[in-house]
Structures are given as structure tokens and as C-alpha cells.
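Report on the following structure.
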Amino acid sequence: PVLDRLAAHLVAIERSPRSLIGALEDRLDGRGTTVMVWDPSTRRAVATGRIDGLAPDGGLQLATSAGLQTVHGGEVTLSAP
């Protein structure tokens, strides 16, 4: 039963990835919080800004001094500046 439900969810995500992104955005914590995104492999800041939400492709959107910036990557971490 668990694997059947998981398979059904995966099929639904493949049909409509926006529904998954919408569900994740509904649960997004910290909207409006100023954060710094770091690349742990280089220990350098990738971006600094306020969490604005998720882009249609699932990237984290930050409101920065230069405008809206989308950050992608599984190896970035967030920490308050």
C-alpha cells in the first residue's frame, strides 16, 4: 500500500510538477526573512536577499538589491547574514 501511494504521487508529479511546487511553496518557511545562500564547496556567498518564494521551476527566489534572483542547487545552505 505505501509503495502504491508513492507511485501514485510520482505519477501525479510527472503530470503536473507545478502542483508539487505549489504545495512546497504553501509550506515554505521564512518568507520575507533575509538570508545568505552559501556554496559549501567554495565557502562563498552565492546570493543575499529576502526569501520571496519559489520559481515555477522550483528554484528559491530571493528579493535582492539587484532585483529578483532565483537560486538553484542541492548543495547550497541558507544562513542568516
Side-chain angles (χ1 to χ4, degrees):
V2 172
L3 291 178
D4 291 339
R5 288 190 306 179
L6 179 59
H9 286 296
L10 290 174
V11 168
I13 291 167
E14 287 177 352
R15 286 187 187 145
S16 177
R18 285 188 179 262
S19 65
L20 173 64
I21 293 167
L24 292 172
E25 188 157 31
D26 289 344
R27 293 173 178 81
L28 183 63
D29 221 6
R31 188 182 307 271
T33 303
T34 300
V35 295
M36 189 175 289
V37 180
W38 295 86
D39 179 341
S41 67
T42 63
R43 298 184 150 232
R44 293 184 182 206
V46 175
T48 301
R50 285 181 289 103
I51 297 174
D52 188 66
L54 297 178
D57 64 2
L60 180 66
Q61 288 189 319
L62 299 177
T64 71
S65 59
L68 202 58
Q69 181 177 351
T70 303
V71 179
H72 297 92
E75 296 189 30
V76 293
T77 60
L78 302 178
S79 64

Other than Leu6, what residues sit in its cluster of Ile, Leu, Val, Met, Phe, Trp and Tyr side chains whose heavy atoms are under 4.5 Å apart, directly or through others? Leu10

Atom of Gly67, atom of Thr64 and distance for their closest heavy-atom approach: O-OG1, 2.6 Å

Side-chain (Arg50) to main-chain (Thr34) donor-acceptor, under 3.5 angstrom: no

Rounded to the nearest 0.5 Å, how far apart are CG of Leu62 and CD1 of Ile51? 7.0 Å

With sequence neighbours left out, the residues meeting side chain to side chain contact (heavy atoms under 4.5 Å, CB included) with Asp4 are none

Criterion side chain to side chain contact (heavy atoms under 4.5 Å, CB included) against Gln61, the qualifying member of Leu54, Asp52, Val71: Asp52

